Amino acid sequence: VYFNYILEENTNPNYAITENTYSELNGCSTIFEFKEWFENEIGEFLLKASVKPQVETSDMMQIAKQIIEENLDKDLSLNFVADRLYIAPAYLSRVFKNETGETFNAYITDRRLELARRLMIETNYSVNVITSKTGFNSATYLIKKFKKKYGQTPVNYKKNYILRAEAQGRNKDGASD
C-alpha cells in the first residue's frame with residue numbers, strides 16, 4: 001500500500017523509486033524490518049528535499065551564545081545547548097565552527113577566561129571562588145588556561161593591572177601640574 005502511494009504521489013524529482021528500493025522493500029519480512037526501512041527512506045527523502053531550516057544560522061548562533069553566557073558557571077556541553085535549541089549536537093557543532101572559526105569547547109573556554117579576567121580585576125574574589133563562578137572544574141585548570149591566554153597567572157594579572165592603573169593615575173596627576 002505504501003509503495004503504491006509513493007509511486008502515485010511522488011512528484012519530487014530528487015527522490016526516485018529504483019529497482020534497489022523495490023528489492024529492499026521486498027526484503028522486509030517483518031513489520032519491524034519494514035519500520036526500519038521506512039525510517040531510513042524518510043530520512044533520505046528529507047535530506048534530498050533540502051528543506052530550509054526554520055531558524056537562520058545567525059539567529060541560532062545568537063541564541064546559542066546567549067545560552068552559553070547565561071550558563072558559564074554551569075557544566076556546559078554541546079548537548080546542553082543543542083537541547084535548548086531543539087537541534088542535533090553534531091549540527092550545532094558544525095555551524096558553530098563555521099560561524100565562529102573555533103570549536104564549541106574552545107569558544108566556551110574563551111568566554112570563561114574572559115569572565116575570570118573581569119572578575120579578577122573587578123572583585124576581590126579568590127581564584128577558588130572565580131573557578132566556581134566561571135564553570136571551571138578546578139583552580140589548577142583555570143590557572144593553566146589563564147596563563148596560556150594572558151601570559152601570567154590570575155593573581156599576577158591582577159597585581160599588574162593594579163600597578164598599571166596606579167601608574168596611569170600618577171601620570172595623569174603629574175601631567176596636570
Side-chain angles (χ1 to χ4, degrees), residues 36 39-177:
E36 184 177 340
E39 288 172 348
N40 287 333
E41 287 295 306
I42 293 297
E44 286 182 36
F45 174 78
L46 292 175
L47 283 174
K48 291 176 181 176
S50 300
V51 176
K52 188 177 179 184
Q54 295 282 356
V55 178
E56 294 292 328
T57 55
S58 60
D59 294 338
M60 182 184 63
M61 287 302 298
Q62 185 177 358
I63 296 167
K65 288 177 179 181
Q66 181 180 348
I67 292 168
I68 291 167
E69 290 299 321
E70 292 171 356
N71 293 282
L72 281 174
D73 61 331
K74 295 177 181 65
D75 186 21
L76 271 173
S77 68
L78 189 62
N79 287 338
F80 178 87
V81 177
D83 286 349
R84 276 140 192 85
L85 292 169
Y86 303 103
I87 61 172
Y91 177 68
L92 175 60
S93 177
R94 188 172 58 251
V95 170
F96 214 93
K97 175 76 172 173
N98 289 341
E99 294 286 321
T100 65
E102 59 186 335
T103 66
F104 179 83
N105 287 335
Y107 179 84
I108 288 176
T109 299
D110 190 56
R111 298 308 305 142
R112 285 178 167 160
L113 287 169
E114 177 55 28
L115 177 57
R117 186 192 69 78
R118 282 196 333 262
L119 290 173
M120 278 308 294
I121 61 178
E122 295 172 4
T123 70
N124 288 322
Y125 292 147
S126 69
V127 172
N128 286 332
V129 171
I130 290 174
T131 298
S132 69
K133 289 190 173 291
T134 56
F136 281 100
N137 291 329
S138 74
T140 305
Y141 185 68
L142 166 62
I143 292 167
K144 176 183 172 184
K145 296 304 264 181
F146 195 98
K147 188 171 184 179
K148 183 176 180 181
K149 180 169 181 155
Y150 298 109
Q152 50 195 328
T153 66
V155 172
N156 286 342
Y157 185 90
K158 183 170 186 162
K159 286 178 186 176
N160 288 328
Y161 179 84
I162 292 168
L163 291 173
R164 282 191 309 270
E166 289 173 351
Q168 286 177 345
R170 282 192 301 271
N171 289 342
K172 287 181 184 177
D173 291 341
S176 62
D177 287 342

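Residue numbers start at 1 and run along the sequence shown. Note that the structure is predicted; figures quoted are calculated from it, not measured.
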key: Non-neighbouring partners of E69 that pass salt bridge (charged side-chain N to carboxylate O under 4.0 Å, His left out), sequence neighbours left out   =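 E69: salt bridge (charged side-chain N to carboxylate O under 4.0 Å, His left out) contacts with R111.
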State whether the number of non-hydrogen atoms from other residues, nucleotides or ligands found under 6.0 Å of [X] atom [atom1] is greater than 12.
| X | atom1 | result |
| --- | --- | --- |
| K148 | NZ | no |
| E102 | CD | yes |
| E36 | CD | no |

Rounded distance [0.5 Å steps], [atom1] in [X] versus [atom2] in [Y]:
| X | Y | atom1 | atom2 | value |
| --- | --- | --- | --- | --- |
| T131 | L119 | OG1 | CG | 10.5 Å |
| R84 | E70 | CZ | CD | 11.0 Å |
| L78 | T103 | CG | OG1 | 10.0 Å |
| L113 | M120 | CG | CE | 12.5 Å |
| I87 | L92 | CD1 | CG | 4.5 Å |
| Q152 | K159 | CD | NZ | 10.5 Å |

ask   = Should I67 and F80 count as side-chain neighbours, where that means a heavy-atom distance under 4.5 Å?
value =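 Heavy-atom side-chain distance check passes, below 4.5 Å.
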message = Quick one, I121 and Y157 - any side-chain contact, counting heavy atoms below 4.5 Å?
response = yes
Testing the basics here: between [X] and [Y], what is the closest heavy-atom pair and its distance to 0.1 Å?
| X | Y | answer |
| --- | --- | --- |
| I108 | L72 | O-CD2, 4.3 Å |
| V95 | M61 | CG1-SD, 3.8 Å |
| F136 | T109 | CZ-O, 4.3 Å |
| A82 | A88 | CB-C, 4.1 Å |

key: Ring geometry between Y150 and F146 (parallel below 30°, tilted from 30 to 60°, perpendicular above 60°)   = tilted
ask   = F104 vs F96 aromatic rings, parallel, tilted or perpendicular, using cut-offs 30° and 60°?
value = perpendicular
task = Could you walk me through whether K158 and N124 pass the side chain to side chain contact (heavy atoms under 4.5 Å, CB included) test, one step at a time?
result = CA-CA 10 Å; K158 183 170 186 162; N124 288 322; 3.4 Å; yes
task = Answer yes or no on whether K133 is positioned over the face of Y125, meaning its NZ or CZ is under 6.0 Å from the six-membered ring centre and within 45° of the axis.
result =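 The answer is yes; both the distance and angle limits are met.
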